[in-house]
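Scroll down for the structure; my scribbles are underneath it.
When reading the values below, keep in mind they use all heavy atoms of this one structure, side chains included, and skip hydrogens, waters and symmetry mates.
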Amino acid sequence: MRLQAPKGTRDFYPDDCAWRSYLLDAWRRVSVRNGFEQVDGPIFETLDLYKVKSGEGIVSELFHFTDRGERELAIRPEFTPTLARMVAEKASSLPRPIKWFCTPNLCRAERPQRGRLREFWQWNIDILGLEPPLADAECIFTAIDLLAELGLTPEQVRVRISHRATVKHILSRIGVSDDKMLDAFNLLDRRDKVPPDEFTKGAAALGLDEPTVARFDQTCRRRYDANDLAHLRRSIGMEDDSDTDELGALNEQLKAFGVADWCEYDLGIVRGLAYYTGTVFEVHEVSGAERAMAGGGRYDQLIELFGGPSMPAVGLGMGDVVLTNVLIDKKLIPSQYAPRPDAFVLAASEGAVAQLPGVVASLRRSGLHVRMSYKATRNVGKLLKDASGCKARYAIILSDDTDAAQLKCLDTGEQRDVAITQLAKEMKQ
RNA sequence: GUGACCGUAGCUCAGUUGGUUAGAGCACCUGGUUGUGGUCCAGGGGGUCGGGGGUUCGAAUCCCCUCGGUCACCCCA
């Protein structure tokens, strides 16, 4: 019988784990410095929790099961319902605004493909209890802070921003009635995936004629520079600022945060489900070779939906899979992302073997990352090869002299005698 | 869940129109050059050719099923 990892899952060998830690550390570091506090919840929830937000249709997309007490449960496919539940439960006692982050692993029962697996890690940041546009801008700023932290530039990745209200105004103006607004959003979202005639047919069902649809389609395909909102206003025939107020206010905040260069407006960004209420955005690699690196937006009604008070909210999620693909594409994988040993201790003579454990123990107790040779050979050349092989900063060569050792810097090749009691002190300098 | 392509050592692959004990490089392990590092030399472990069934005297090679991978659709919370 052959046992293999389930479809769409990954094994994390030491190198893979080191890489994952590199990402998780970056996510945490950036979150913390932007004022977010870490939270987490259970890895499985009651199935109903996910139905509240997404309806019955969600069930086929997630891993669910029944426990021995006949309870219907599901492995978390996203963190937002858990977050909404947690916030709703303690809403009255939590200091505002609530700024939380987490880095959960999530599971979705989808067919794996590039950038999409059945188990993945996702960075979530959410700001609740704070009104737009400041919260939206800070959320986007934090995402950009992370991208920059990993070495990405505005020439390589962009935040594409849209606003439900703006798109709704446009749709309304060209003749879409309120009750067909959701259908219009869906059609907009799918415009690149359906055949042209089907698109026209769908538009006709919304009461739109062909020239109007064409003009609208064209408008939504263009991207507008974040520093030139007026251009967008002219293009959509809305010289009157009131219809793009929200976007204009967000634009001012993004400029104030100094990240306008990373942002552009793209009214074609719809973001699936109907629960987004205002700003929506995605982070994309510019060439379009990869799928969206992150997605998010404002969801002002969700906490209420989960039994809490009315509370404004904005958040985003960024998965490890696409992010890693992009960093590989852009050659931004650092040469060293695993913890580097401070020292590698080796015995160059039979007489030195007995000293090994004591020296290693002493250095480790002083807080240093120390490895040693387990080999029987006393061939210093071979042992040094192992030392450099594990990327150690220093090699410590023990000989028959029980008072001193040779401390060799493996980066420079420089070597000198150091008293064994002084080794830790010397290396920390 | 639907469709298309793919599947030989840990990794990258070779394997002649189906023909005898399935190979290379890298990686890994051991030893040597009688104490200074990503060399060099020698040796070694590791594959029931994804798995199962069929055709054939004979299958890594042809056919079917299944599992997994890749890509598109669905979906993207």
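In this structure, of B:A72, B:U36, B:C75, it is B:A72 that holds the atom nearest to the side chain of A:Q113. In the set B:A4, B:C76, B:U36, the nucleotide with an atom closest to the side chain of A:R111 is B:A4. Here B:G35 is the nucleotide among B:G35, B:C75, B:C73 with the atom lying nearest to any side-chain atom of A:Q406. Proximity note for A:K408 (side chain, C-beta onward) versus B:U36, B:U70, B:C76: the nearest is B:U36. Candidate nucleotides B:C76, B:G68, B:U36 were compared by shortest atom distance to the side chain of A:K7, and B:G68 ranks first. Of all nucleotides listed (B:U36, B:G32, B:G37), B:G37 comes nearest to the side chain of A:S388.
A close approach under 4.0 Å does not occur between any side-chain nitrogen or oxygen of A:K375 and OP1 or OP2 of B:G31.
Regarding A:E110, its CD atom lies at a distance of 14 Å from the C1' atom of B:A72, rounded to whole Å. Protein atom CZ of A:R116 is 10 Å distant from nucleotide atom P of B:A72, rounded to whole Å. Distance A:L384 CG to B:G35 C1': 9 Å, rounded to the nearest Å. Computed from coordinates, the A:R10 CZ to B:G68 P distance equals 17 Å when rounded to whole Å. In this structure, the CZ atom of A:R114 is 20 Å from the P atom of B:C6, given to the nearest Å. The CG atom of A:L410 sits 7 Å away from the C1' atom of B:G37 (whole-angstrom rounding). In this structure, A:F79 places its CZ atom 19 Å from C1' of B:C76, rounding to the nearest Å. For A:L383 and B:G38, the CG to P distance is 13 Å, given to the nearest whole Å.
Nucleotides B:G46 and B:U34 place their P atoms 32 Å apart, quoted to the nearest Å. With both ends at atom C1', the span from B:G15 to B:G25 equals 15 Å, rounded to whole Å. Nucleotides B:G51 and B:C67 are separated by 7 Å at their C1' atoms, to the nearest Å. Between B:G37 and B:G43, the two P atoms lie 24 Å apart (nearest whole Å). B:A59 and B:G18 have their C1' atoms separated by 6 Å, with the value rounded to a whole Å. Only the P atoms considered, B:G58 is 15 Å distant from B:U20, to the nearest whole Å. The same atom, P, is picked in B:G50 and in B:U16; the two are 15 Å apart, to the nearest Å. B:G52 and B:A60 have their P atoms separated by 12 Å, given to the nearest Å.
At the heavy-atom level, A:G413 lies under 4.0 Å from base atoms of the strands shown. Using a 4.0 Å heavy-atom cutoff across all strands shown, A:L62 reaches no nucleic acid atom at all. A:G389 comes within contact range of no nucleotide atom at all, as no heavy-atom separation falls under 4.0 Å. Within the 4.0 angstrom heavy-atom criterion, no nucleotide atom of any strand lies near A:C390. Note on A:G297: nothing from the nucleic acid sits closer than 4.0 angstrom, heavy atoms only.
Between A:F12 and A:W121, the distance separating the two ring centers is shorter than 6.0 angstrom.
Looking at A:L323 and A:L150, their side chains come closer than 4.5 Å, going by heavy atoms from C-beta outward.
Heavy-atom nearest nucleotides on RNA chain B were determined for A:E414 and for A:G295, and the one closer to the 5' end corresponds to A:E414. Heavy-atom nearest nucleotides on RNA chain B were determined for A:D411 and for A:P81, and the one closer to the 5' end corresponds to A:D411.
Residues A:D179 and A:S177 have side chains that bring a donor and an acceptor to within less than 3.5 angstrom of each other. Using modelled atom types, one finds no donor on one side chain facing an acceptor on the other under 3.5 Å when comparing A:Y374 with A:D386. For the residue pair A:D40/A:Q38, the side-chain donor-acceptor check at 3.5 Å is not satisfied. Counting only N and O atoms by type, the side chains of A:T82 and A:E45 include a donor and acceptor under 3.5 Å apart.
Checking B:U12 for Watson-Crick or G-U wobble geometry (two distances, each under 3.5 Å) identifies B:A24 as its partner. Base pairing of B:C49: no nucleotide in any strand meets the Watson-Crick or G-U wobble criterion (both distances under 3.5 Å). Pairing for B:U2 is with B:A72, a Watson-Crick or G-U wobble pair whose two hydrogen-bonding atom distances lie under 3.5 Å. Pairing partner, B:C29: B:G43, with both Watson-Crick or wobble hydrogen-bond distances short of 3.5 Å.
Side chain of A:S362 to main chain of A:G358: no donor-acceptor pair is present (N/O by atom type, distance under 3.5 Å, no hydrogens or angles).
The base of B:C75 has none of its N or O atoms less than 3.5 Å from a complementary donor or acceptor on the side chain of A:R108. For B:G32, the base has a donor-acceptor partner in the side chain of A:K382 [N/O atoms by modelled type, under 3.5 angstrom]. Residue A:N379 places a side-chain atom within donor-acceptor reach of the base of B:U33, judged by atom type and a 3.5 Å distance cut-off alone.
Closest approach of A:E285 to A:V157, counting heavy atoms only: CA-CG1, 4.1 Å.
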